[in-house]
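All remarks here apply to the structure that follows.
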Amino acid sequence: MIDRQVHLGAVRSLLGRSSVVAPDDDESARWRAEFVQSFLERDAPQLGVNVPATTLERFWAMLAHYHANVWNASELALSFGVSHRAVRRYLEALQATFMVRVLKPWQATLKKRQVKAPKVYLRDSGILHHFLDVQTREGLERHPKVGASWEGFVVENLLRLLGAPERSCFFWRAHTGGEVDLVVRRGGELRGFEIKRTSSPTLTRSMRRAMEDLGLARLDLVHAGADSYDLGAGVRAVSVARLTEEIEPLWPRP
């Protein structure tokens, strides 16, 4: 079992310089490449990850293209040329070292078929962009994973603001339509968060269906626009720029 504090200490040792405050895009890219190399060659083995660095790096890069998608072990195993058991072991290694988030599916008591596989995210947007070979904002805007990158960024910030433990975080999707990007359970109450990279959010039929099917106490639609406002009963459009004002912690922060 990997100790959380040991891992965090190892990561902090790599944070002498930050990619975020790098003087230019080239320096930021170099910092992230060095971080990944140091993690694979030094920190991962020290944390008990028994996967060759080259294998784990290749899997990590491949996983970046599945970021914000439902986990498909069969497809990844076929692409990677290994067994289902092997790719699950690689995923568990990255999850245990806090590089990847595995978001479990919420299973509501409904007659409709629901997705039962988890979603996977690279937890750090900068590392995601490293593996996608994205070095500038302009490059990201043109990349087909820009929406997925946005979703993962918002999910991580929401969970940090809520103080939500991993066991209380889910997503929900029905095969016949209706989904919620993030479902958070606290006691007997469910809150939903839908994430849209748009500046003009609207209340959709899918959202109304999810509110009804899941019995959500509230649904927040996090968007890229400048303003926050109500969209209907129990539904609010929340500007990502105002998350810290709009989203209150549900759990005490550590």
Discussion item. Quick one, E156 with R160, criterion side-chain contact (heavy atoms from CB on, under 4.5 Å). Give me CA distance, side-chain angles, the key distance, then yes/no.
Written reply: CA-CA 6 Å; E156 289 301 316; R160 178 181 58 83; over 6 Å; no

Discussion item. Regarding E151 and K145, does a basic nitrogen lie under 4.0 Å from an acidic carboxylate oxygen?
Written reply: no

Worksheet, complete the sentence: When every non-hydrogen atom of A117 is compared with those of V70, the smallest separation belongs to CB-CG1, 3.5 Å

Practice prompt. Start with the C-alpha gap between H84 and S74, add the side-chain angles, then the distance that decides, and say whether side-chain contact (heavy atoms from CB on, under 4.5 Å) holds.
Written response: CA-CA 6 Å; H84 300 181; S74 299; 3.4 Å; yes

Item to complete: Group every Ile, Leu, Val, Met, Phe, Trp and Tyr by side-chain heavy-atom contacts under 4.5 Å, then state whether L103 and L250 land in the same group.
Response: yes

Worksheet item: Any side-chain heavy atom of V102 within less than 4.5 Å of one from K119?
Response: no

Worksheet item: Run the salt bridge (Lys or Arg N to Asp or Glu O under 4.0 Å) check on R89 and E92 step by step: do they pass?
Response: CA-CA 5 Å; R89 183 165 65 90; E92 288 168 0; over 6 Å; no

Fill in: From Y66 atom OH to E75 atom CD, the distance as rounded to the nearest 0.5 Å
3.5 Å

Worksheet item: Ignoring hydrogens and geometry, is there a side-chain-to-backbone donor-acceptor pair from S239 to G225 under 3.5 Å?
Response: yes

Worksheet, complete the sentence: Closest non-hydrogen atoms of V120 and L63, given as atom of the first, atom of the second and distance, are CG2-CD1, 4.1 Å

Practice prompt. State whether the side chain of D181 and the backbone N or O of F193 hold a donor-acceptor pair below 3.5 Å, judged by distance alone.
Written response: no

Response to the item:
All heavy atoms of V180 vs all of E194, minimum pair found to be CA-OE1, 3.4 Å

Worksheet item: Would the number of heavy atoms belonging to other residues, nucleotides or ligands and lying under 6.0 Å from CG of D230 be above 12?
Response: yes

Discussion item. Before you tell me yes or no, could you show the steps for F131 and W60 under ring pair (Phe, Tyr, Trp, His ring centres under 6.0 Å), namely the whole-Å CA-CA distance, both residues' side-chain angles and the distance that decides it to 0.1 Å?
Written reply: CA-CA 8 Å; F131 282 114; W60 203 354; 4.9 Å; yes

Discussion item. Please say yes or no: joined through hydrophobic side-chain contacts below 4.5 Å, possibly via intermediate residues, are L78 and F59 part of one cluster?
Written reply: no

Fill in: Backbone of V36 reached by a side-chain donor or acceptor of H130 within 3.5 Å
no

Fill in: T54 side chain near E41 side chain, heavy-atom distance below 4.5 Å
no

Discussion item. Between M62 and L76, is there a side-chain heavy-atom distance shorter than 4.5 Å?
Written reply: yes

Worksheet item: Going by heavy atoms in the side chains, are V238 and L243 under 4.5 Å from each other?
Response: yes

Item to complete: Hey, could you give me the CG/OG1 distance between L221 and T202, rounded to the nearest 0.5 Å?
Response: 8.0 Å

Discussion item. Within the structure provided, determine whether E179 and M207 are in side-chain contact (heavy-atom separation under 4.5 Å).
Written reply: no

Discussion item. Between E189 and R186 (salt bridge meaning N to carboxylate O under 4.0 Å), is one present in this structure?
Written reply: no

Worksheet item: Are any of the side-chain nitrogens in R30 or E27 under 4.0 Å away from the carboxylate oxygens of its partner?
Response: yes

Worksheet item: Can you name the nearest heavy-atom pair linking V49 to A93, along with the distance?
Response: CG1-CB, 3.8 Å

Fill in: For H129, side chain to side chain contact (heavy atoms under 4.5 Å, CB included) partners two or more places apart
R32, S125, V134, L140, S149

Practice prompt. State, to 0.1 Å, how close R185 and L190 come at their nearest heavy-atom pair, and which atoms those are.
Written response: CB-CD2, 3.6 Å

Discussion item. Going by salt bridge (Lys or Arg N to Asp or Glu O under 4.0 Å), name the residues that satisfy it together with D213, two or more places apart in sequence or in a different chain.
Written reply: K112

Worksheet entry | Heavy-atom side-chain contact between L162 and P249 under 4.5 Å | no

Fill in: Atom pair CG/CD of D26 and Q135 - distance to nearest 0.5 Å
6.5 Å

Practice prompt. Kindly write out the residues that satisfy salt bridge (Lys or Arg N to Asp or Glu O under 4.0 Å) with E141, not counting sequence neighbours, or none if the list is empty.
Written response: R137, R197

Worksheet item: Going only through I, L, V, M, F, W and Y residues with side-chain contacts under 4.5 Å, is there a path from F35 to L122?
Response: yes

Discussion item. With a 6.0 Å cut-off on the ring centroids, do W71 and Y121 count as close?
Written reply: no

Practice prompt. Test side-chain contact (heavy atoms from CB on, under 4.5 Å) on V183 and R191 and set out the steps.
Written response: CA-CA 6 Å; V183 176; R191 279 187 60 179; over 6 Å; no

Item to complete: Establish whether F171 and L214 are linked, either directly or via other cluster members, by ILVMFWY side-chain heavy-atom contacts under 4.5 Å.
Response: no

Worksheet item: Does atom CZ of F153 have more than 12 heavy-atom neighbours from other groups under 6.0 Å away?
Response: no

Fill in: Euclidean distance, D220 CG relative to E246 CD, rounded to 0.5 Å
7.5 Å

Fill in: Within 6.0 angstrom of K196 NZ, more than 12 heavy atoms from elsewhere
no

Worksheet entry | Heavy-atom pair of closest approach, residues H223 and T198 | CB-O, 3.3 Å

Worksheet entry | Pairwise side-chain contact, R42 with Q37, heavy-atom cut-off 4.5 Å (strictly under) | no

Worksheet item: How many angstroms lie between CG in L94 and CZ in F39, if you round to the nearest 0.5 Å?
Response: 6.5 Å

Fill in: Main-chain N/O of E34 paired to S38 side chain as donor or acceptor, under 3.5 Å
yes

Worksheet item: Can you find a pair of side-chain heavy atoms, one from F80 and one from Y90, that are under 4.5 Å apart?
Response: yes

Worksheet entry | Pair W172, Q114: side-chain N/O donor-acceptor within cut-off below 3.5 Å | yes

Worksheet item: How far does CZ of F98 sit from CG of D124, to the nearest 0.5 angstrom?
Response: 14.5 Å

Fill in: R236 charged N/C atom sitting above Y229 aromatic ring, 6.0 Å / 45°
no

Item to complete: Show your reasoning for whether side-chain contact (heavy atoms from CB on, under 4.5 Å) applies to M99 and I127.
Response: CA-CA 9 Å; M99 295 295 117; I127 301 302; 5.6 Å; no

Worksheet item: Under a 4.5 Å side-chain heavy-atom rule over Ile, Leu, Val, Met, Phe, Trp and Tyr, are L182 and M211 clustered together?
Response: no

